[in-house]
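Just so we're on the same page: letters track the sequence lines, and every chain starts at 1. Both backbone and side-chain heavy atoms feed into the values below; hydrogens, waters and symmetry mates do not.
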Protein chains: 2
Amino acid sequence: MATQRRRNGKANPAEDEAVYQAILHALLEGKLKAGTKLAEPPLADIFGVSRERIRKVLHRLGAERRLEMIPNRGARVPRPTLDDVRSVYEAHRVLEAGVLTQLVRHVDDALIEKLTAHLTEERAAATRGDRAASVRLSGAFHVHLVEALGNAELSRFLADLLSRSSVMVSVYEPATDSICAVDEHGAIVEALRARDVARAIAVSREHFLHVESRLHLDDAVPASEDLTAVFGAVKPKRRKGR
Amino acid sequence: MATQRRRNGKANPAEDEAVYQAILHALLEGKLKAGTKLAEPPLADIFGVSRERIRKVLHRLGAERRLEMIPNRGARVPRPTLDDVRSVYEAHRVLEAGVLTQLVRHVDDALIEKLTAHLTEERAAATRGDRAASVRLSGAFHVHLVEALGNAELSRFLADLLSRSSVMVSVYEPATDSICAVDEHGAIVEALRARDVARAIAVSREHFLHVESRLHLDDAVPASEDLTAVFGAVKPKRRKGR
DNA sequence: GTTTATAAAAATGTGCACATTTGGCATGGC
DNA sequence: GCCATGCCAAATGTGCACATTTTTATAAAC
């Protein structure tokens, strides 16, 4: 039975990954607000694993720059400055310019068809007012663009940027009425179909500046505190009073 | 006296970093050949620190994708395939295309002057036949380009790519007579001065393809084994027989 | 009432002992 | 002679106890 607790110094490789995924998921989902302290003892208690296990995961997330590790002071969810956000958006913009430049050399009907299908999905979500789907699909569009190049390095870099901005939206007005305009995505596809690099880049640039302009600093940071509530919802794992 | 060994469970924050830097340096310098196994006990012995210390550093390097970590089987220097190398070069190419696109919007005399000065340095190194300096300056040129944008995310990504390719050159013919043509760098600067994006990108692209074409797979991988020799040369730290 | 100093409590960092797993090697069978 | 099997040594993974540092709470002084 898998629910059985390991006895002593028994190996359980899947447990590391489970904890890692749980925290990462909460981070990407925006459940962990910026500035939240992630202490080891409570987490060990919540997940029902040893403190060393938690410790390892936390340091790994720190190495990936998803958590801010301060020596002797533990892990915190980073609180990005407005400059940080701009930096990420600019990087995304610059990267996509390069991607589009390379992409026009390889456009074929299959790619255009795939992107068009995606646009259809996006429009459908927009017309039926599905916020969540719209946001998700909007990000997926840019992922499709990089993945069309089939380059693992570039895909990973974009994933990095997206994960970072997902943390940021929880601080800098995540969702107003700004459903990342589908028409702008459509214009990019159009430019690609015409093999017009300059226009594709120009449209993409405008698109990003458009999204970026909607950001505004929100001083009153929530900074969630009840970790049990956050992870309890994600993983209903039983905890022990020790 | 700093050479004193810590007594028991004493904190020594600088030691982690020292070991990390030593291994990273050896990796970037190409002293650690691809496929080399990095076992914990020998390293702990060489650096004179506890095994846990080594362990932490190794896992950190693994999280940064600089080492290949296999569960229960330790750490190895990754042995990149030819596709991996092409992927890195392509990513660098694509990234620089984006950088150049963004850069032409911000070119000023100061930047041109700075790059020109760098070219002078490169030519000087080339004419006096200084291989090491040439290679180093050649890479630095591309670093200068990204850093001109002042974007931390992009700079870090480039650093990532460069560190990865530095490991690769030890497998795929690191240095023949291919001193990354200075003239091609000069052509990029020229195009920048003229605000000609298309030409800058085209030249850059040709430049990378040129470098990439020099690669060839070398099956007879050396796979260095004597860790004491590798790190003994870098860090003459005394080791203890335990 | 605000601030500073001190002590207690909690949290982080580290070495160590031991469990588990892997790799090599010898022995035996075909 | 070659391959399979079991044993032994070495390496990796993990919990635990304890040292160190940080944080909080309390009290004293201005």
Applying salt bridge (Lys or Arg N to Asp or Glu O under 4.0 Å), can you list everything that pairs with [X], at least two apart in sequence or on another chain?
X: B:Arg51; value: B:Glu40
X: B:Asp84; value: none
X: A:Arg65; value: none
X: A:Arg60; value: A:Glu17, A:Glu64

Residues that A:Glu153 engages under side chain to side chain contact (heavy atoms under 4.5 Å, CB included), provided they are two or more places apart: A:Asn151, A:Arg156, B:Ser87, B:Val88, B:Ala91, B:Leu161, B:Arg164
Give the nucleotide from the list [options] with an atom nearest to the side chain of [X].
X: B:Arg53; options: D:dT14, C:dT12, C:dG15; result: C:dG15
X: B:Asn72; options: C:dG15, C:dT21, D:dT14; result: C:dT21
X: B:Arg51; options: D:dT22, D:dA11, D:dT14; result: D:dT14
X: B:Lys37; options: D:dT12, C:dT14, D:dT21; result: D:dT12

May I have the distance from [X] (atom [atom1]) to [N] (atom [atom2]), rounded to whole angstrom?
X: A:Glu40; N: D:dG15; atom1: CD; atom2: P; result: 13 Å
X: A:Glu17; N: D:dG13; atom1: CD; atom2: C1'; result: 16 Å
X: B:Ile70; N: D:dG13; atom1: CD1; atom2: P; result: 11 Å
X: A:Ile54; N: C:dG13; atom1: CD1; atom2: P; result: 14 Å
X: B:Met69; N: D:dA11; atom1: CE; atom2: P; result: 15 Å

Nearest-0.5 Å distance, CD of residue B:Glu122 to CG of residue B:Leu115: 10.0 Å
Residue closer to the 5' end of DNA chain D, B:Leu38 versus A:Pro71 (nearest nucleotide): B:Leu38
Non-neighbouring partners of A:Tyr20 that pass ring-ring contact (aromatic ring centres under 6.0 Å, His included), sequence neighbours left out: none
Counterpart residues, ring-ring contact (aromatic ring centres under 6.0 Å, His included), relative to B:His210 (two or more places apart): none
C:dG15 OP1/OP2 closer than 4.0 Å to side-chain N/O of B:Ser50: yes
Minimal non-hydrogen separation, B:Val99 against B:Leu145, with atom names: CG1-O, 3.9 Å
Sugar-phosphate only, base, or nothing, as touched by A:Glu52 at under 4.0 Å among non-hydrogen atoms: base
What are the atom names and distances for every N/O pair under 3.5 Å that joins the protein to nucleotides 23-25 of chain C?
unit_1, atom_1, unit_2, atom_2, d
C:dG23, OP1, B:Arg73, NE, 2.8
C:dG23, OP1, B:Arg73, NH2, 3.0

Residues touching DNA chain C, which here means a heavy atom under 4.0 Å, drawn from residues 55-66 of chain A: A:Arg55, A:His59
